[in-house]
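Each chain gets a letter, A, B and so on, in the order the sequences are listed, and its residues count up from 1. Bear in mind the structure is a predicted one, so any value in this text is a computation, not a measurement.
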Amino acid sequence: MDLFGDPAQWLPFTFAGLMGASILIYVILDGYDLGVGVLFPFADDAEKDRMIASIGPFWDANETWLVLAVGLLLVAFPTAHGEILTALYLPVAIMLIGLIMRGVAFEFRAKAPDPYKPLWNNVFFTGSLMTSLAQGFMLGMYVMGLDYTWGHFAFALLTAVFLTVGYSFIGATWVIYKTDEHLQRKAISWAKGGIWGLVLGIAAISLATPYVSPRIFEKWFTFPQILWLAPLPIISGALVLALWTMLRRMPFAGDRFSWLPFATASLLWTLAYSGMAYSFYPYVVPDKLTIYESASAPESLWIILLGTCVVLPTIAAYTFLAYYIFRGKATELRYD
Amino acid sequence: MMETLLLSRIQFAANISFHILFPTITIALGWVLLYFRLRYNRSGEARWMEAYSFWVKVFALSFAMGVVSGITMSFQFGTNWPGFMEIVGNIAGPLLAYEVMTAFFLEAVFLGIMLFGFSRVPRWLHTTATALVAFGTTMSTFWIIVLNSWMHTPQGFEMIDGVAHATDWWAIIFNPSMPYRFFHMLLASFLTVSFLIAGVSAFRWLIGGRTEGVRSALTTALTVAALLIPVQIYVGDLHGLNTKEYQPAKVAAMEGVWETERGAPLLLFALPDDAARENHFEVGIPGLASFILTHEWDGEIKGLNEFVAEDGTPLHPRVAPVFWSFRIMVGTGVLMLLTSWASVVLMLRKNKGGEGRRGVEGLPKLWLMGLVAMTFSGWLATLAGWYTTEIGRQPWLVQGVMTTKQAVADVPAPMVLSTLIAYLVVYAILLGAYITVIFYLARKASRGETLPNPRRTGAAAPTVPAE
Ligand code: HDD
Ligand code: HEM
Ligand code: HEM
């Protein structure tokens, strides 16, 4: 089965690509619904219902991308899975508990007796916050090479805050897109407040990455590569500027372009993520373990690939379908 | 190190025990819902639709709990058991991938239609979606049971440099204990669901919600239980015979047999003492254990003393937990047999006038209360069964291939302890909330109020599939 050359080369690469794509899709999609959860305390009761309605049909499918990403890490790069998750033991546990809390709060806040609704609202907010902070912390720690020193720890705390604010930013742009009138105006002001989290987060990680790893420094600042990379910060800067001007003028007449902030934010997110992926490749555990060293045996990867080829397109197709079906503004919750 | 090992084991046991509770319900409930749906399609009687729309809510809630606790499971391997995937990842990986992907597949595509499409999509589509969800959960179970069974009876692989490589996937999938474990688990799921439906329906009946839907659900549940429990006992017996062949140390622990003996008694009570290597206060039926396991009254059963290393370290599991959890499972099974058969007999009695059967009215009030008390008996038996199976495999993680100790992560014990406590607190609260909400929904339904149908309610989109 050497159709495309050495399977010990291209199979790990393919799986790294699939995993990378899953993570990116996850941080954008679950990013916005986590963000909506983080913004919960700023909304009144009616607005909360509306915000839940705006993510209701999607959040569950959004979360499956995390399961897929971690599943691929687990089955395709088992040693890396062990190494990364052992190093991130506590933040992972906090994230999992957060995910459990917000996942069940969706069900319970609608099924439990009315007096308990505020309680489940709080569970939903707390779960979203824990998850976002934990993910930001893990991101920071990962960039620092999974190596615990006080400096790295402080950096990771910083990225935890930035990512959480960043999520609430993309969450706000989602609310802008899915709602109108008062709540939409409120969301615009949330977005204006949240954009700095994204900017500072991207800046912090961009500055820290080459600083921590001489290998990445080399990769960035040597001659022909630097030309390839230069557009990245330039386009990103332009996008941030565009977002800012856009938000100051919104809402536009007739609610035109209400989707634009969310789309722009997703693009910005994708650019930043590609930069990171480029820097870390071919390592899956920074500067310790490459994807080739940690991959499962090719014969096992083959079997997984077969399943993935069926499942991935289906999930993707369903995702498109769901977003198409539930396009337009979110309405009141309907109990029937 | 030892402390980390023990804490990690407890944590794993807590997480998987919590997870399994919900698939145990969703696996069979999916099929039961399909049955309700088909009955409704054929007869058009409102009572089947009533049953469907109540239990689909329990399904939705259980599924959500299954998903969130399943996510925890897939992280566990990395955080606590990195050695597992390092050594047998080539085999466990694909199997786990198929489990999660199957679960995914149906969640992403058909669940939405099933949960929220009763009156919004064409009937055939809704029926198909229900069937596919039931089929999907069953397939998901199949893959995870394949993996778990392979850990008990591994074959179809070779070790290269200390790492397992698959040589024969057919042998891996159809390993010797898989069929028994798979069917025993499926039946366990059906029994759990039967007693859940019976218990909740009896509760509704008692508090006055005597609708036709409740009557149908109760009758269906008790009939299914009465039909399946003998099958379960039979399959359990076969399962035990299989285990005797491949994991004799586990069977010795289950039966509490220390010395290899002929005509071993079936112990009804005993306090196994691992330190003294003997039982105290034995009460048993002579020869019965030998008869059950070998089908001869003086058949030979290997004793635990055969499984001790030269230097005296035991190569068998700790006896008391295996011995007792096995008895809890079998005891619950016997109780299920008695209750379900007696219920059916009570319901089949002729009416006073001699016309027709008594049906649900034939069940005395006290009896209904008994059914309510047994609502979660399936959970008890299932957990006890898994504890027998899993603790009985110790000290091995993959029988004869790797020990549990080889897999454990080098995480400081206090860290594991803190996460363990956090999980336990969350699980206890959620379990309480889950049970409360089920009975709350039952009370609400009995008052005739309509039930909320949340989760995917969102944008207005009539007549579209995914709502
Ligand atoms: C409603 C649940 C339920 C009930 C009533 C029973 N079981 Fe069971 N049993 C399970 C649910 C279960 C289980 C949770 O599903 C297990 C754990 C692993 C497995 O495959 O099934 C199990 C395991 C299990 C094992 C362990 C096999 C091994 O892994 O080595 C044996 C020997 C039996 N069962 C035998 C019985 C017998 C003789 C029963 C007669 C009353 C019985 N079970 C009732
Ligand atoms: C579904 C029901 C299951 C339950 C209730 C269960 C329960 C348990 C328990 C109680 C232990 C602890 C044994 C001890 O303390 O001596 C254990 C161990 C373990 N089981 Fe299972 N198990 C289940 C299924 C599985 C499956 C499907 C897998 C495989 C993927 C699995 C993998 C393991 C592993 C890796 C351990 C090692 C950790 C340990 O020894 O505690 N289990 N399980
Ligand atoms: C240790 C191993 C296990 C892991 C890693 C695991 C993982 C998962 C995950 C991640 C999900 C959610 C997938 C989704 O997002 O939809 C899930 C759901 C499910 N699991 Fe497990 N699981 C394990 C053990 C088991 C066992 C022992 C069973 C049954 C015997 C089981 C049966 C199911 C079923 C039927 C579902 C789908 C339905 C539902 O969520 O209720 N799993 N599992």
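You'll find the ring centres of B/F174 and B/W170 inside the 6.0 Å limit.
Heavy-atom distances place both the backbone and the side chain of B/V416 under 4.5 Å from chain A. Neither the backbone nor the side chain of B/T436 comes within less than 4.5 Å of any heavy atom in chain A. Residue contact with chain B, scored on non-hydrogen atoms closer than 4.5 Å, involves the backbone and the side chain of A/I303 alike. Neither the backbone nor the side chain of A/L88 comes within contact range of chain B, judged by heavy atoms closer than 4.5 Å. Both the backbone and the side chain of B/F75 come within contact range of chain A, with heavy atoms under 4.5 Å apart. Neither the backbone nor the side chain of A/L73 has a heavy atom closer than 4.5 Å to any heavy atom of chain B.
The CD1 atom of A/I28 lies 12.5 Å from the CD1 atom of A/I23; values are rounded to the nearest 0.5 Å. Note that OG of A/S128 and CG of A/L99 are 9.0 Å apart. Values are rounded to the nearest 0.5 Å. Considering OG1 of B/T137 and CG of B/L132, their distance stands at 10.5 Å, rounded to 0.5 Å.
For residues 420-434 of chain B, heavy-atom neighbours of chain A at less than 4.5 Å comprise B/A422, B/Y423, B/V426, B/Y427, B/L430, B/A433, B/Y434, sorted by residue number.
The shortest non-hydrogen separation linking B/A92 to B/F84 is CB-CE2, 3.9 Å.
No other option in B/G89, B/A97, B/G83 has as many heavy-atom pairs under 4.5 Å with chain A as B/A97. Contacts with chain B were tallied for A/L96, A/L72, A/V92; A/L96 has the most, counting heavy-atom pairs under 4.5 Å.
Annotation: side chain of A/M130 is not in contact with side chain of A/R102 (no heavy-atom distance under 4.5 Å). Residues B/F54 and B/L441 meet the side-chain proximity criterion, which asks for heavy atoms closer than 4.5 Å.
Atom CZ of B/F135 has 12 or fewer neighbouring heavy atoms from other residues, nucleotides or ligands inside a 6.0 Å radius.
In summary, of the residues considered (A/F108, A/F40, A/F125), a ring-ring contact (aromatic ring centres under 6.0 Å, His included) with A/W120 occurs for A/F108 alone.
Among residues two or more places apart in sequence or in another chain, the salt bridge (Lys or Arg N to Asp or Glu O under 4.0 Å) test is passed with B/E86 by none.
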